[in-house]
2 protein chains.
Amino acid sequence: MALSHAILVSLLDRPQSGYDLAKRFDQTVGYFWNASHQQIYRELHKLSEAGLVRPAELTQADRPNRIVYSLTEGGEAHLHDWVDEPTTAPNVKEELLVKLFALGTADPAALAQEVGRRLAFHQDRLARYEAVMAEYYPDPDSLPPRKQGHYLGLRMGVLLERSLIDWCREAEAVLAQAPR
Amino acid sequence: MALSHAILVSLLDRPQSGYDLAKRFDQTVGYFWNASHQQIYRELHKLSEAGLVRPAELTQADRPNRIVYSLTEGGEAHLHDWVDEPTTAPNVKEELLVKLFALGTADPAALAQEVGRRLAFHQDRLARYEAVMAEYYPDPDSLPPRKQGHYLGLRMGVLLERSLIDWCREAEAVLAQAPR
DNA sequence: GTTGCATATGAAACAATGCGCATATAAAGT
DNA sequence: ACTTTATATGCGCATTGTTTCATATGCAAC
């Protein structure tokens, strides 16, 4: 149970449909917790059966009807119980590092290219994070509690991306240094 | 298929049993790619069926027999094909951030405690990484290719842990600042 | 006018991951 | 004597994640 909690937390803000949740997961929350729309719909059915959320169908004239879910009292209680449980650090699953372990038998030029792609990716993502930061959190010292979580998520993103950019540069140097 | 590749890469170094692999995954590789011994044994059976590794049973008198796996030619080819495919950045799945999104309705004191635990965890892990770094990689400028991957893995670990430590401190400040 | 995109939900199949349980022996600690 | 630790391999079930397919509509672009 973990995606379920991400959904419940998201519903704290406001009732949402599966479609809303999927879109939101593509944006803010999705930088550190991702899910496809199929996973979300499936999970919503389960949560609904478990009585943690309540569905309400909204008729729409010109578009398909929406099914908007809201937290039940049980859902809120479940969420707060979960928050009180201790959390463990995630493990990274960094494929690129696995590939680098093949150095010595694999082609260093191909790997250098990979690292270059990753550098561009992290630079791009950092730029987007910093843009959001500048627009929505110019003054992080006086945030209402409801926004602290979002700010801290973004902040972790910024710090991690910066480190990864540094790492990519170092990796490029290492790979360039001793080409077979 | 991803754990399979981590196993194949590990077997590049030398033939190993499931037990060996599990231990190794607890150490070096395991910081960014984790797997339980059950996952490893299961994957070894699959790889064996696919003809990518070859098992050899070694009889031992006083202990259970070991089944040592080595890469086949097909396994090496498969590995090199995989290295040439482009890699995507992993997504983080950071439970703690999901919990922080509940701020405003959740108890900030409990979350501050969680962040404190995480700070201690990352400090500890950083210390271990730096110890390995000092012992095995005092001079990273002249590494044989076969060791570059390990060095870069460790290096990413160091950079990420430092960032996470910084983040934890900031998070503590944010949580302390506005207690309800 | 047809292509593509956004809205909106879902089934079904399959692959990968994780968690708990099971088994067997020897050495070393308490 | 008893417990823990290390060696060594494995099954079964549940959860999670990915891919493909299906349906239905409106709007804008080309």
Side-chain angles (χ1 to χ4, degrees), chain A residues 1-8 15-27 30 32-50 52-53 55-69 82 85 87-95 98, chain B residues 1-8 15-27 29-30 32-50 52-53 55-69 82 85 88-95 98:
Chain A
M1 286 271 207
L3 171 59
S4 60
H5 296 120
I7 290 175
L8 292 176
Q16 287 169 88
S17 69
Y19 190 83
D20 295 334
L21 285 163
K23 263 207 311 191
R24 244 201 141 193
F25 273 47
D26 279 348
Q27 299 158 19
F32 53 86
W33 202 284
N34 224 340
S36 63
H37 79 271
Q38 293 90 340
Q39 272 177 276
I40 289 167
Y41 283 119
R42 182 171 39 180
E43 200 64 39
L44 283 171
H45 288 299
K46 272 195 214 168
L47 289 171
S48 200
E49 270 177 56
L52 303 181
V53 299
E57 188 158 2
L58 298 187
T59 310
Q60 298 194 128
D62 44 355
R63 291 177 193 171
N65 290 347
R66 309 176 68 217
I67 300 172
V68 174
Y69 294 86
W82 172 71
E85 284 167 25
T87 309
T88 52
N91 46 356
V92 191
K93 304 256 163 178
E94 178 56 90
E95 245 186 292
V98 178
Chain B
M1 286 271 209
L3 170 59
S4 62
H5 297 120
I7 290 175
L8 293 175
Q16 288 168 86
S17 68
Y19 190 82
D20 295 335
L21 286 163
K23 263 207 309 192
R24 246 201 139 194
F25 271 50
D26 279 348
Q27 297 158 23
V29 201
F32 52 87
W33 202 285
N34 223 343
S36 64
H37 75 273
Q38 294 91 338
Q39 276 176 274
I40 290 167
Y41 283 119
R42 181 172 37 187
E43 200 63 38
L44 282 171
H45 288 299
K46 273 195 214 169
L47 289 171
S48 199
E49 269 176 57
L52 303 181
V53 299
E57 186 157 1
L58 299 185
T59 311
Q60 298 192 127
D62 45 354
R63 291 177 196 170
N65 290 348
R66 309 175 70 215
I67 300 171
V68 174
Y69 294 86
W82 171 73
E85 285 167 24
T88 52
N91 44 358
V92 190
K93 305 256 161 177
E94 178 56 90
E95 244 185 290
V98 178

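Using a 4.0 Å cut-off, no side-chain N or O of B:Q39 falls inside it from OP1 or OP2 of C:dT17. Residue B:K23 has a polar side-chain atom (N or O) positioned under 4.0 Å from OP1 or OP2 of D:dT7. Contact check, A:K93 against C:dA16: no side-chain N or O comes under 4.0 Å of OP1 or OP2.
For the pair B:E49 (side chain) and B:K46 (backbone), a donor-acceptor distance under 3.5 Å is absent.
One atom, CG of B:L21, and another, P of D:dG10, lie 13 Å apart when rounded to the nearest Å. Per the geometry, CD belonging to A:E43 stands 16 Å off C1' belonging to C:dT9, to the nearest Å. Rounded to whole Å, atom P of C:dG18 lies 7 Å from atom CG of A:N91. Across the protein-nucleic acid pair, A:E49 atom CD and C:dG10 atom P stand 12 Å apart, rounded to whole Å. If you measure from atom NZ of B:K46 to atom P of C:dA16, you get 5 Å, rounded to the nearest angstrom. Atom CD of A:Q16 and atom P of C:dA8 are 12 Å apart (whole Å). Distance, A:R66 CZ to C:dT7 P: 10 Å, rounded to whole Å. B:I40 has its CD1 atom 15 Å from the C1' atom of C:dC19, to the nearest Å.
Of all the heavy atoms in A:L44 and A:I7, the pair that sits closest is CD2-CG2, 3.9 Å. Across all non-hydrogen atoms, the minimal contact from A:P55 to A:Y69 is CB-CE2, 3.5 Å.
Contact annotation for A:S36: base contact, defined as any heavy-atom pair under 4.0 Å involving a base atom. A:H45 comes within contact range of the sugar-phosphate backbone alone, with a heavy-atom separation under 4.0 Å but no base atom that close.
Heavy-atom nearest nucleotides on DNA chain D were determined for B:V68 and for B:R42, and the one closer to the 5' end corresponds to B:V68. Mapping A:N34 and A:H37 onto DNA chain D by nearest heavy atom places A:N34 closer to the 5' end of the strand.
The OG atom of A:S36 lies 7.5 Å from the CZ atom of A:R42; values are rounded to the nearest 0.5 Å.
With C:dT9, D:dT18, D:dT9 as the choices, the nucleotide that has an atom nearest any side-chain atom of A:Y41 turns out to be C:dT9. Closest to the A:S17 side chain, of the nucleotides C:dT9, C:dG10, D:dA8, is C:dT9. Distances from the side chain of A:Y19 to the nucleotides D:dT18, D:dT9, C:dA6 place C:dA6 closest.
For B:Q38 against D:dG10, a side-chain N or O and a base N or O form a donor-acceptor pair under 3.5 Å.
When side chains are defined from C-beta on, A:H5 does not count as touching A:W33, because their heavy atoms never get closer than 4.5 Å.
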